[in-house]
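Reading through the structure tokens given below for one structure.
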Amino acid sequence: QVQLVESGGGLVQAGGSLRLSCAASGRTFNTYTLGWFRQAPGKEREFVATQSWNTLSTIYAESVKGRFTISRDNAKNAVYLQMNSLKPEDTAVYSCAATLHSSAYAISRRENYDYWGQGTQVTVSS
């Protein structure tokens with residue numbers, strides 16, 4: 001069982017930066033792949049970024065590649081999402097999620113994630 005709690009969301013102007021954090025609880029944190037997803041109003045939840053538990057696979061959605069960076073700190077049971085050059089279309093509720101999958105194909109698909117946080121709102125003004 002893994003519990004996930006996100007923080008770090010807020011209101012920022014276009015071009016600005018935010019750093020999201022996801023704190024995880026559970027003794028087997030190091031064996032879980034952790035990913036970030038987002039859901040804008042009226043839209044389906046979409047994949048943003050993920051990093052496998054062994055850090056061999058790090059994947060980004062095309063829409064955030066070059067602007068967002070995912071990282072994890074196993075000593076702190078945490079995963080982070082550094083978001084730079086934010087755009088209004090990045091506005092969404094951002095959630096972290098955990099899965100035991102590690103293949104590049106599996107970890108970019110939301111249906112393969114078993115545990116989800118409640119999310120943190122990110123709003124980017126133009």
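Count residues from 1 along the sequence.
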Spacing of [atom1] belonging to [X] relative to [atom2] belonging to [Y], to within rounding of 0.5 Å:
X	Y	atom1	atom2	result
S95	L4	OG	CG	9.5 Å
S125	Q13	OG	CD	5.0 Å
S102	L56	OG	CG	8.0 Å
Y94	L20	OH	CG	7.5 Å
Y115	Q3	OH	CD	8.5 Å
E6	Q121	CD	CD	12.0 Å

Is [Y] close to [X] at the side-chain level, that is, under 4.5 Å between some pair of heavy atoms?
X	Y	value
T33	L100	no
T69	L81	no
F68	N84	no
C22	Y80	no

Short question: side chain of [X], backbone of [Y] - any donor-acceptor pair under 3.5 Å?
X	Y	result
Y113	I107	yes
E46	Q39	no
T50	L34	yes
T123	T91	no
R38	A92	no
Y32	H101	no
S52	S57	yes

**Q.** Exercise: do Q51 and T58 side chains pair donor with acceptor under 3.5 Å
**A.** yes
Q. Between N112 and T99, do the side chains contain an N or O donor and an N or O acceptor separated by less than 3.5 Å?
A.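 The criterion, which ignores hydrogens and geometry beyond distance, is not satisfied for T99 and N112.
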Q. Mind checking what makes side chain to side chain donor-acceptor pair (under 3.5 Å) contact with Q118, not counting sequence neighbours?
A.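 In terms of side chain to side chain donor-acceptor pair (under 3.5 Å), with neighbours along the sequence ignored, Q118 is linked to no residue.
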Q. Which heavy atom in A24 sits nearest to a heavy atom in V2, and how many Å separate them?
A. CB-CG1, 4.3 Å
Q. How far apart are the closest heavy atoms of N30 and W53, and which atoms are they?
A.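 The pair with the smallest heavy-atom distance is O-CB, 3.3 Å.
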Q: Determine whether V93 and V79 fall in the same hydrophobic cluster, where Ile, Leu, Val, Met, Phe, Trp and Tyr are linked whenever their side-chain heavy atoms lie under 4.5 Å apart.
A: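 In one cluster with V93: V79, no.
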Q) Does F47 have any ring pair (Phe, Tyr, Trp, His ring centres under 6.0 Å) partners at least two apart in sequence or in another chain, and if so, which? A) F37
Q.
Quick one, M83 with S17, criterion side-chain contact (heavy atoms from CB on, under 4.5 Å). Give me CA distance, side-chain angles, the key distance, then yes/no.
A. CA-CA 5 Å; M83 306 186 295; S17 299; over 6 Å; no
Q. Does NZ or CZ of R45 fall inside the cone over W116's six-membered ring, less than 6.0 Å from its centre and within 45° of the axis?
A.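 Yes, a cation-pi geometry.
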**Q.** Residues R67, D90; criterion side-chain contact (heavy atoms from CB on, under 4.5 Å); working and verdict
**A.** CA-CA 11 Å; R67 300 187 297 122; D90 294 319; 2.7 Å; yes
